[in-house]
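Just so it is clear, the model here is predicted, and its values are computed rather than measured.
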Amino acid sequence: MVRRTIASITLGLPLGAACSLALNLDDTAPCSADSECVYTDGQGTCVDGFCVPPGGSANDTADTDIDPTAGEETTPTPVTTTDPGDSSTTIEPEDTTTTTEGAECEVNSDCNEDQRCGDGGTCLNILSAECDILLWPDDGRDNVEFLGSIMPTSPPFDELVQPLENAFELAVDDFNNVASLQDGQKIAWVGCDSTGGDTVASAAATHLVDTVGVNAIVGPVFSESVREVAENITVPADVFVISPTASAASLSNFEDNNLVWRITPNDVFQGNALIDRLTADYDPAPARLLVLNKDDAYGNELQQQIAADLVTDLAPAEVYFANYPGPETFGSKEELLSSYGTVLGQALAQAGIATSAMDYDSADDHYTHVLIIGTSEAEALILSYMSAWGQLYNFAPLPLFTVTHGAVPTMEDIVNSAAAIPELAMVWPLLQAQMRGTSPNIFDAENFTAFNIRYQINFNDEEALTSSSLAYDAALAAMFAMVTIPAGEEITGTGIANGMAALNDPKGAEISFGDAPNVFIQDARNILAAGNTVDLQGVSGALNWDPTNGELRADVLGWNVGNGLIGDPVTLTPYCLYSLFPEPAEDGIWVSAVTGMPPCN
């Protein structure tokens, strides 16, 4: 794996570790041999026990500036590539010379380790400011198909999204270990960090399409970025996109030439589940409901879908709506907390019952339920609310908090974080009893167990988030669809999209991702290469796309943290199921998901 930042090379190490190496030799660096005198512009020499830069003398001052026309450093330093499950493989440079961007080439190996040979026969830099991961297959660099990923893996999204990128890496490695495309190509991965929003995601996509030459991208993970990237970059370039987590309904309603697919279902199902849950299944029912939504396509569209029904069905109960900026818009945690504190303060006062939050002196004035439509920032919102409640309003019952699927993976962390705050030491167990969540049923227990064991082996014994299964399934689906393209034919985004229909044929061979990868990947590859079809049961469940639009249909799970009982272990638990009525219905009914447990609440 190659990771690059400005003026440094970051080396991928086994099990996801990383370190940074920056060469910064000068004319005073001691040496005993020429090999110890490597500069960013070439091989130096060892003279009288000190390094001399290339072309210089013992009295010269070394110049280690990066050539702005090259775009990358040119140090021929060995690069360590990550191979999950195996020790890292160090690839030595072929010689002590370096290749600048634009140099002539015939194959990738004519270029530097972090370059490829472009269609015009010149070396191109694969890495960029956004795209800082490069994983070559062990078999070499000259017969590869590039696969890109776009995910926000830096704070504040790292804890939520890094497991998805890890799972993507595991999928690429699993495929390369046992299979290839029909012309023998292995997969080379270029990973991009889209933290910062749509502009960064678009820059990453532009680089992947124009410079790296990918025909498929897994990601982005946020709906708004998917729409932005698809409409402006990937659809015009005939590049296939499959998002692990983007769920906004609007992704079903634009001209994408069938090039945009997703692993998670449309939010219309979760929206109907939320309406039924809040208006019929909670006991007691909401007397005063606050709906907070992230100000992006996901948050705004889901809020708009459910707003009118909530107001009508909960009448005469009061419902209030407010949106908040996404965490990527802030420069610091302090700015985020200040902004979210303002949002909550306005929400507490917006009913006109009080002129400020401090004036709420009756339990009847307070929210009984709070719904948060967002992602990991739900932790900051809930803990801020808890702090205000603990200091000012604990004469009123703590509201029941419900989060949507973007925040469900953080529910355990929210409760544990509350337990670590001194002023909440006496009241945090109430939060455990008052936390709920909803998410699409993207969980195959047997397959996930097998996947999680391999994930732990490869990534420091960490447990895989349930959502990480989506990235694994998305990556394998894209690679399997590539396999359907016959030998000798060009791989294109349209060809990959057309191949997706061969992956979920009910009459095709059953392929379960719960089997050993060397078995199920090889079986699927051989069946698809022979022109036949398969029926995939992924780690996240049945991958039953509608081949005309790339949409999935799934029930919705209700979650709590330790059965919602004070004193239980803080464990994310699915306890309730919104079972969809037969197609084409988009609604269903809540039923208990645990034998012997009372009805959903």
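A salt bridge does not link Glu145 to Lys186: none of the charged side-chain nitrogens sits closer than 4.0 Å to a carboxylate oxygen.
In this model, Cys105 has its SG atom no nearer than 2.5 Å to the SG atom of Cys123.
Side-chain contact check for Asn452 versus Glu463: some heavy-atom pair is nearer than 4.5 Å. Residues Trp559 and Leu557 have side chains in contact (heavy-atom distance under 4.5 Å, counting atoms from C-beta outward). Contact check for Arg116 versus Val144: no side-chain heavy atoms found under the 4.5 Å cut-off. Ile263 places a side-chain heavy atom less than 4.5 Å from the side chain of Ile242. For the pair Ser202 and Ile233, the minimum side-chain heavy-atom distance is below 4.5 Å. Residues Val178 and Pro517 form no side-chain contact, since every pair of their non-hydrogen atoms from C-beta on lies 4.5 Å or further apart. Between Leu251 and Val226, the closest side-chain pair of non-hydrogen atoms falls below 4.5 Å. Side-chain atoms of Asn176 and Val172, non-hydrogen and from C-beta on, do get closer than 4.5 Å to each other.
Using the six-membered ring where Trp is involved, Phe443 and Phe448 have ring planes that are tilted, between 30° and 60° apart.
No close placement of the Phe222 and Tyr298 rings is indicated, their centers lying 6.0 Å or farther apart. Taking the six-membered ring for Trp, Phe168 and Trp189 have ring centres closer than 6.0 Å. Ring pair Phe451/Phe513: centre-to-centre distance not below 6.0 Å.
The distance from the CZ atom of Arg525 to the CZ atom of Phe520 is 15.0 Å, given to the nearest 0.5 Å. A distance of 9.0 Å separates CD1 in Ile217 from CG in Leu147, rounded to the nearest 0.5 Å. Interatomic distance, CG of Asp473 versus CG of Leu543, reported as 5.0 Å (0.5 Å rounding). Glu169 CD to Tyr472 OH: the interatomic distance, rounded to the nearest 0.5 Å, is 12.5 Å. Between the SG atom in Cys192 and the CD atom in Glu130 there is a gap of 7.5 Å [rounded to 0.5 Å]. To the nearest 0.5 Å, the span separating CD on Glu462 from CG on Asn166 amounts to 7.0 Å.
Looking only at distances, no side-chain donor or acceptor of Thr211 sits under 3.5 Å from a matching main-chain atom of Leu208. No donor-acceptor distance shorter than 3.5 angstrom exists from the side chain of Asp110 to the backbone of Cys117, with no hydrogens or angles considered. Judged purely by atom type and a 3.5 angstrom limit, Asn215 uses its side chain to pair as donor or acceptor with the backbone of Ile491. The main-chain N or O of Gly488 is found under 3.5 Å from a side-chain atom of Asp183 such that the two form a donor-acceptor pair. Although no hydrogens or angles enter the test, the distance criterion places no donor-acceptor pair under 3.5 Å between the side chain of Arg141 and the main chain of Trp136. In this structure, the side chain of Asp444 engages the main chain of Glu446 through a donor-acceptor pair within 3.5 Å. With hydrogens and angles disregarded, no donor-acceptor distance shorter than 3.5 Å links the side chain of Asn125 to the backbone of Leu127. No donor-acceptor pair under 3.5 Å is formed between the side chain of Glu328 and the backbone N or O of Gly197. Of the possible polar contacts, one joining the Thr245 side chain to the Val221 backbone as a donor-acceptor pair under 3.5 Å is found. Under the 3.5 Å distance criterion, the side-chain polar atoms of Asn447 are matched with a main-chain donor or acceptor of Gln537.
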Exercise. Which is it for Gln185 and Ser180 under the side-chain hydrogen bond (donor to acceptor under 3.5 Å, both in side chains) test, yes or no, and what are the steps along the way?
Worked result: CA-CA 5 Å; Gln185 309 100 310; Ser180 64; over 6 Å; no

Exercise. Given the rule in the side chain to side chain contact (heavy atoms under 4.5 Å, CB included) test, do Leu528 and Thr484 qualify, once you have shown the distances and angles that lead to the verdict?
Worked result: CA-CA 6 Å; Leu528 292 167; Thr484 66; 4.0 Å; yes

Problem set entry | Audit row: Leu580, Arg553, side chain to side chain contact (heavy atoms under 4.5 Å, CB included) steps and yes/no | CA-CA 9 Å; Leu580 296 177; Arg553 191 173 189 272; 4.0 Å; yes

Problem set entry | From CA spacing to verdict: side-chain hydrogen bond (donor to acceptor under 3.5 Å, both in side chains), Asp461, Gln456 | CA-CA 4 Å; Asp461 292 327; Gln456 289 177 287; 5.7 Å; no

Problem set entry | Audit row: Asp267, His405, side chain to side chain contact (heavy atoms under 4.5 Å, CB included) steps and yes/no | CA-CA 10 Å; Asp267 270 334; His405 75 276; 3.6 Å; yes

For this session: Apply side chain to side chain contact (heavy atoms under 4.5 Å, CB included) to Thr494 and Phe240, showing your working.
Result: CA-CA 7 Å; Thr494 296; Phe240 176 80; over 6 Å; no

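Taking both residues in full, the closest heavy atoms of Ser469 and Ser540 are given as OG-CB, 3.6 Å, listed atom of the first, atom of the second, then distance. Phe459 approaches Leu170 most closely through the heavy-atom pair CE1-CB, 4.4 Å. Nearest heavy-atom pair across Val408 and Ser439 is CG2-CB, 4.3 Å. The shortest non-hydrogen separation linking Gly271 to Leu302 is CA-CD1, 3.7 Å. Taking each heavy atom of Asp535 and Pro506 in turn, the nearest pair found is OD2-CA, 4.0 Å. Taking every heavy atom of both residues into account, Ala477 and Leu503 meet most closely at O-CD1, 3.5 Å.
In this structure Phe175 satisfies the ring-ring contact (aromatic ring centres under 6.0 Å, His included) test with no other residue, sequence neighbours excluded. Every salt bridge (charged side-chain N to carboxylate O under 4.0 Å, His left out) that Asp296 has, sequence neighbours left out, goes to Lys294.
For the residue pair Asp295 and Asn300, a side-chain donor N or O sits within less than 3.5 Å of a side-chain acceptor on the partner. The closest side-chain donor-acceptor pair between Thr438 and Gln270 falls under 3.5 angstrom. A donor-acceptor contact closer than 3.5 angstrom is absent between the side chains of Asn518 and Gln522. A donor and an acceptor atom, one from each side chain of Glu377 and Thr375, are located under 3.5 Å apart.
Around the CG atom of Asn253, the shell of radius 6.0 Å holds more than 12 heavy atoms that belong to other residues, nucleotides or ligands.
Just one residue in the list Asp158, Asp132, Val161 forms a side chain to side chain contact (heavy atoms under 4.5 Å, CB included) with Thr153, and that residue is Val161. The side-chain hydrogen bond (donor to acceptor under 3.5 Å, both in side chains) test with Arg262 singles out one residue from Ser252, Ser243, Ser247, and that residue is Ser252.
Residues in residues 216-228 take part in these side-chain hydrogen bond (donor to acceptor under 3.5 Å, both in side chains) pairs, two or more places apart or across chains: Asp198-Ser225, Arg227-Glu231, Glu228-Asn232.
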